[in-house]
Amino acid sequence: MTTIKGQELDAVLSEIQNWFETNTNLPEKIQPIVLHRFLKCMHYDVEKTKTIIELNYGLRNKNPHIFIDRNMDDEQTAKGLQVSDLLILPGLTPERHKVLLFRLADFDPRTRNSLEETKIFFMMTDARFTEPDIGTSAENQDGKRVLDDAHIADGDVQIVDIDGYTMRHLAYISIFVLRVYMKFVQEAYPSRLRAIHIINCPSFLDRMMAMMKPFIREEVYQLINYHTEGMDSLYKEVPRDMLPVEYGGKAGTIAEIKTHWLQNLREKTAYLSDDKYWKITSQSKSRWSLF
């Protein structure tokens, strides 16, 4: 992977920051670490970084009910946090990838709300992206946070546990929300998707994937791994110790990990709801307004 450091990195980040703040197709503000993530995701190509940033915020503002109008104390969001477990696991894999785990906490299909689950996912990742993925960043003499490439993961690995899913659950999936989610994660997300592991696969998995495949790019589809014979095959791909206790690991219980991230969301409430970081004031001018 291409990388730059020191004064060269500072100069590039400063250039993109100035471009961001003067671009009428973008919000007023962006945190430096988030800018760094976009740059790293695009292998430090400045023009490609600008393109993905504009797409990211264009999609957000075209779908504010998913990306902007959010509050963890909202009744539906609070319910979504209870019935689903969306976890960002501590540490990085040997390949320097961050691991995310999704599973049902309540198997009743009537509790599913794909809009709220998608909204929660992006709340969690937006909060995560404001902090280093590993270690802690230092401060320079001016009190500014100093980051280098080692603090940021080289990509994301998703583990999707579909234990408890039935055909009835599929009826509660919004095709519109699924389409927006897949487009955003595949094209506008500031971390590269490295692998998707599906565990506890049901017999109707082929029908579930048939629903999703039209929205999945071929190169992403090739990243999907199905684990149909227990957990041993997953342990070969993701270090067992990184997983929650319930999955044979040593990363803490699901309840402990979830409590940590709920507290993180609470602490980031002001940031997540601050329009200056998310809303485009001249949305009509956005070249992504068709999506």
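Values reported hereafter were calculated over all heavy atoms of this structure, with side chains retained and with hydrogens, waters and symmetry mates removed. Just so it is clear, the structure is predicted and the values come from calculations on it, not from any experiment.
R103 and D163 are not joined by a salt bridge, as no carboxylate oxygen comes within less than 4.0 angstrom of a charged side-chain nitrogen. Residues R112 and D106 are not paired through a salt bridge, judged by the lack of any N-O separation under 4.0 Å between the basic side chain and the carboxylate. A salt bridge links D133 with R128: at least one charged nitrogen is closer than 4.0 Å to a carboxylate oxygen. Using a cut-off of 4.0 Å between Lys/Arg side-chain N and Asp/Glu carboxylate O, D154 and R96 are scored as salt-bridged. Using a cutoff of 4.0 Å between basic side-chain nitrogens and carboxylate oxygens, R266 and D73 are scored as salt-bridged.
Distance check: I216 CD1 to Y221 OH gives 6.5 Å after rounding to the nearest 0.5 Å. Put simply, OG1 on T253 and CD on E246 are 5.5 Å apart, with the number rounded to the nearest 0.5 Å. Here the CE-CE distance, from M72 to M123, works out to 6.0 Å after rounding to the nearest 0.5 Å. Of the inter-residue distances, the one linking S14 atom OG with Q7 atom CD reads 12.5 Å to the nearest 0.5 angstrom. Note that the NE2 atom of H227 and the CG atom of D161 stand 11.5 Å from one another [nearest 0.5 Å]. Note: L101 CG to K258 NZ = 11.0 Å, rounded to the nearest 0.5 Å.
The minimum heavy-atom distance linking Y226 with C201 is given by the pair CB-SG, 4.3 Å. In terms of heavy atoms, V177 sits closest to S114 at CG1-O, 3.7 Å. The two residues S273 and W278 come nearest to each other via the heavy atoms N-NE1, 4.4 Å.
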What pairs of donor and acceptor atoms, side-chain ones from residues 234-244 against any protein atom, are under 3.5 angstrom apart with sequence neighbours left out?
| from | atom 1 | to | atom 2 | distance (Å) |
| --- | --- | --- | --- | --- |
| Y235 | OH | Y247 | O | 2.7 |
| R240 | NE | G248 | O | 2.9 |

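Exactly one residue among V185, I66, N63 makes a side chain to side chain contact (heavy atoms under 4.5 Å, CB included) with T118. That residue is I66.
Put simply, the side chain of L9 reaches to within 4.5 Å of the side chain of L39, judged on heavy atoms. The side-chain heavy atoms of Q31 and I33, taken from C-beta on, include a pair separated by under 4.5 Å. Counting only heavy atoms from C-beta outward, the side chains of H43 and R192 approach each other to under 4.5 Å. At least one side-chain heavy atom of L92 sits less than 4.5 Å from a side-chain heavy atom of K98. Side-chain contact between Y44 and H36 is present, with heavy atoms from C-beta onward closer than 4.5 Å. When side chains are defined from C-beta on, K279 does not count as touching P27, because their heavy atoms never get closer than 4.5 Å. Residues L115 and S174 form no side-chain contact, since every pair of their non-hydrogen atoms from C-beta on lies 4.5 Å or further apart. L59 places none of its side-chain heavy atoms less than 4.5 Å from the side chain of V180.
The aromatic ring centres of F129 and Y189 sit less than 6.0 Å apart. The aromatic ring centroids of Y57 and F20 lie less than 6.0 Å from each other.
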Run the numbers on L193 and Q186 for side chain to side chain contact (heavy atoms under 4.5 Å, CB included), then give the verdict. CA-CA 8 Å; L193 188 58; Q186 293 175 109; 5.8 Å; no
Taking it one step at a time, do I120 and T77 satisfy side chain to side chain contact (heavy atoms under 4.5 Å, CB included)? CA-CA 7 Å; I120 290 166; T77 301; 3.9 Å; yes
Step by step, would you call R110 with D108 a salt bridge (charged side-chain N to carboxylate O under 4.0 Å, His left out)? CA-CA 5 Å; R110 294 169 296 179; D108 186 344; 2.9 Å; yes
Test side chain to side chain contact (heavy atoms under 4.5 Å, CB included) applied to H169 and I162, step by step: CA-CA 10 Å; H169 285 87; I162 48 180; over 6 Å; no
Candidate pair Y271 and Y277, rule side chain to side chain contact (heavy atoms under 4.5 Å, CB included), full reasoning: CA-CA 8 Å; Y271 167 71; Y277 285 102; 3.7 Å; yes
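Between H65 and F176, the two ring planes are parallel [angle under 30°; tilted spans 30° to 60°]. Ring orientation note: the planes of F121 and Y181 are nearly perpendicular, at an angle over 60° on the 30°/60° scale.
With sequence neighbours excluded, the residues that form a side chain to side chain donor-acceptor pair (under 3.5 Å) with R60 are N56, D126.
Cluster membership check: L100 shares its hydrophobic cluster with L262, using side-chain heavy-atom separations under 4.5 Å among Ile, Leu, Val, Met, Phe, Trp and Tyr. Residues I30 and W19 are members of one and the same hydrophobic cluster, defined by side-chain heavy-atom contacts under 4.5 angstrom among Ile, Leu, Val, Met, Phe, Trp and Tyr. Cluster annotation: L26 and V46 are assigned to the same hydrophobic cluster (Ile/Leu/Val/Met/Phe/Trp/Tyr, side-chain heavy-atom contacts under 4.5 Å, transitive).
Of the N and O atoms on the side chains of T130 and K268, at least one donor lies less than 3.5 Å from an acceptor on the other residue. Using a 3.5 Å distance cut-off with no hydrogens or angles, the side chains of N264 and E131 do not pair a donor with an acceptor.
Under a cut-off of 6.0 angstrom, the local environment of CD in E229 is sparse, with at most 12 non-hydrogen atoms contributed by other residues, nucleotides or ligands.
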